[in-house]
A.B. asks: 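Let me begin by handing over the structure; questions about it come next.
Order of listing sets the numbers, starting from 1, for every ligand and every atom in it. Side chains are part of it too, since the values below use all heavy atoms of this structure and drop only hydrogens, waters and symmetry mates.
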Amino acid sequence: MSDSTQGQAMWGGRFTKGPDELVQAFNASVRFDQRLAMHDIAGSIAHVHMLFAQGILQKEEVQAIEDGLNKVRQEIEEGIFVWQESLEDVHMNIEHRLTELIGAVGGKLHTGRSRNDQVALDMHLYVRDELHDVEHLVTQLMQVIITVSQDNIDVIIPGYTHLQRAQPVLLSHHLLAYFWMLERDQKRIRDALKRVDRMPLGAGALAGTTFAIDRELVMRELSFTALYENSMDAVSDRDYLVETLAILSMIMMHLSRLSEEFILWTTTEFGFIELDDAFTTGSSIMPQKKNPDMAELIRGKTGRVYGHLMGLLTTVKGLPLAYNKDLQEDKEGLFDALDTVKPALMLYKAMIETMTIRRDVIQEQVRADFSAATDLADYLAIKGMPFRQAHEIVGRIVRHCIDQNIPFTEVSIETLQQYSPLFEKDVLPRLLPESVVAMRSCRGGTAPSAVIQQLGLAKALLQE
Ligand code: ARG
């Protein structure tokens, strides 16, 4: 039998010839949807169990089909299964092999089912597992952020707005901002899982089935808690995949922002951190180079994940009910997005765990600027001067220091008093970054006391 007549065997009844080679190659999805194989088999086994319970298939038939499917599973796991493009997709490849193994009874597997509800079921099962994996990886990264924040609670770095020095902050405070981004991602995943938790099988091609099936039985066997209540919605809903891609995009957005920080922080100009050699790469021409390629790639790959989100939204937007072959295009982008986000999360966990925080460089940097300016103005305001006027005076002091080429930490009390008699000796310690940080002790602020409280909340959340 030629490849294409084999392919024809699955739906070839009304055709006089097999598909053109171009059609076969363009139509086939098995190259990428074979990754659904384990979920496809699990769905099929639940389906035949139900067909038996409903008296639609005999015990021996179901036994033969289940044994056959287990054999197919084993062949796939051992890598000896022969995938054939002529058989179009994962579903027909598995069914074809099943029938080779157990004979014509294999053809009973598809009773009361269509590939349209079958592929919907496979994707729900697959995405449920994948979202749990992603959630776990997000949690691991959150855990590492907590550990590093706790171990380095005393490190003060410059805080920035407009990428200009603004006010000093605890490094822990800065890193924990990413903890909260990831915590929202984690919540989004848990919420999306509620909508993934709908069992589509029984929708048939679009209208339901004439067989007396029990959809709730399949639902329970596959650990779903809800059913699609409309067969047409069941086979054409891709909302849960759009949502998944939106969540993956958001995770990448967060990692991309972190990447931008790490790329800056590893420069000679910043020098706040050094990444472990194992997570950097060198240059083929410049021997001194140590490049943060993983951070750059994660920043770069963010665009590709966004692209998959836009791609799916666009694919689905013009589709009439119910199933259209366009929907086969839901897979590659999603798979690629998952294949991008999962290693990105693992890499960040490893990079943060192994990075060196260059305390000496940071210490020097954080003292060499005017980040205490707001505090100096606040000091005058507390003594009764209108804040606007205080702002103006401190601005002139900054100007003076720039002209003299000295940082705030070196300015004398006499100099300050030339600008305002309200300055007294007690102002000098307030110019130190430790003091600037410690003064911001409101809830959510960067004072060590507030950050320790924040850390406590973060830890409690992970323990949940
Ligand atoms: N490979 C197809 C997909 O991924 C499976 C469903 C095909 N259904 C059909 N009527 N051709 O969407």
Side-chain angles (χ1 to χ4, degrees), residues 3-4 6-15 18-20 22-44 47 69 72 76 81 83-98 107 109-130 196 198-209 228 231-242 244-245 308 311-339:
D3 232 22
S4 79
Q6 274 177 8
Q8 216 186 323
M10 288 282 153
W11 41 256
R14 63 103 69 214
F15 289 81
D20 185 88
L22 270 172
V23 170
Q24 183 174 298
F26 203 66
N27 189 40
S29 54
V30 65
R31 171 179 88 258
F32 51 86
D33 68 15
Q34 55 179 270
R35 77 160 77 188
L36 299 173
M38 294 304 142
H39 297 98
D40 192 73
I41 290 171
S44 288
H47 179 63
L69 285 170
V72 172
I76 295 171
F81 188 92
W83 298 99
Q84 298 179 57
E85 191 187 65
S86 60
L87 292 167
E88 233 179 283
D89 55 24
V90 60
H91 323 292
M92 299 216 285
N93 268 272
I94 289 174
E95 194 184 317
H96 181 266
R97 179 66 185 140
L98 174 71
L109 163 63
H110 213 49
T111 311
R113 188 175 77 169
S114 155
R115 267 188 298 153
N116 297 350
D117 57 349
Q118 183 181 358
V119 74
L121 176 63
D122 292 5
M123 288 297 277
H124 279 76
L125 291 169
Y126 173 78
V127 168
R128 183 173 69 185
D129 282 351
E130 289 294 312
V196 174
R198 286 213 170 241
M199 208 292 292
L201 207 69
L206 77 163
T209 171
Y228 276 91
S231 61
M232 298 181 83
D233 186 35
V235 287
S236 47
D237 173 31
R238 297 295 183 274
D239 295 3
Y240 66 105
L241 301 182
V242 172
T244 299
L245 282 166
H308 295 317
L312 184 60
L313 281 167
T314 312
T315 297
V316 179
K317 83 180 248 299
L319 295 186
L321 295 179
Y323 180 85
N324 300 272
K325 194 61 173 257
D326 313 47
L327 291 173
Q328 180 166 285
E329 287 294 305
D330 63 357
K331 292 177 194 62
E332 280 169 290
L334 179 84
F335 297 163
D336 184 66
L338 286 163
D339 291 348

A.B. asks: Of the protein's non-hydrogen atoms, which lies at the shortest distance from atom 11 (N) of ligand 1, and what is that distance?
C.D. replies: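 Residue, atom and distance for the closest contact: Arg115 NH2, 3.5 Å.
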A.B. asks: Hey, could you give me the CG/CG distance between Asn324 and Leu319, rounded to the nearest 0.5 Å?
C.D. replies: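 The CG atom of Leu319 is 5.0 Å from CG of Asn324, to the nearest 0.5 Å.
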A.B. asks: Does NZ or CZ of Arg35 fall inside the cone over Phe335's six-membered ring, less than 6.0 Å from its centre and within 45° of the axis?
C.D. replies: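 Yes, a cation-pi geometry holds between Arg35 and Phe335.
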A.B. asks: Under 4.0 Å between a Lys/Arg side-chain N and an Asp/Glu carboxylate O for Arg31 and Glu332?
C.D. replies: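 Salt bridge: yes.
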A.B. asks: Among Val90, Leu125, Leu121, Val127, find the residue that satisfies the side chain to side chain contact (heavy atoms under 4.5 Å, CB included) test when tested with His39.
C.D. replies: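 The residue from Val90, Leu125, Leu121, Val127 that satisfies side chain to side chain contact (heavy atoms under 4.5 Å, CB included) with His39 turns out to be Leu125.
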A.B. asks: Salt bridge check: are Lys331 and Asp33 linked by an N-O gap of less than 4.0 Å?
C.D. replies: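 The answer is no: the pair does not qualify as a salt bridge.
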A.B. asks: Within the 4.0 Å heavy-atom shell around Gln328, which atoms of ligand 1 are there?
C.D. replies: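 Checking each atom against Gln328, I get 1 (N), 2 (C), 3 (C), 4 (O), 12 (O).
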A.B. asks: Would one find an N or O of Lys331, backbone or side chain, under 3.5 Å from an N or O of ligand 1?
C.D. replies: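 N/O-N/O distance under 3.5 Å: yes.
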A.B. asks: Could you tell me the residue and atom name of the protein heavy atom closest to atom 7 (C) of ligand 1, and the distance to it rounded to 0.1 Å?
C.D. replies: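 The closest heavy atom on the protein side is Tyr323 OH, 3.5 Å.
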A.B. asks: Mind checking whether Gln118 has a heavy atom under 4.0 Å from ligand 1?
C.D. replies: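 Contact absent.
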A.B. asks: Can you tell me how far the CZ atom of Arg97 sits from the CG atom of Leu69, to the nearest 0.5 Å?
C.D. replies: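 If I round to the nearest 0.5 Å, the distance is 12.0 Å.
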A.B. asks: Give the atom numbers and elements of ligand 1 that come within less than 4.0 Å of a heavy atom of Asp89.
C.D. replies: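 Those of ligand 1 that fall under 4.0 Å from Asp89 are 1 (N), 2 (C), 5 (C).
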A.B. asks: Atom 8 (N) of ligand 1: which protein heavy atom is closest, and how many Å away?
C.D. replies: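 For atom 8 (N) of ligand 1, the nearest protein heavy atom comes out as Asn116 OD1, 2.9 Å.
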A.B. asks: Which atoms of ligand 1 sit under 4.0 Å from any heavy atom of Ser29?
C.D. replies: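 Per the distance check, 1 (N).
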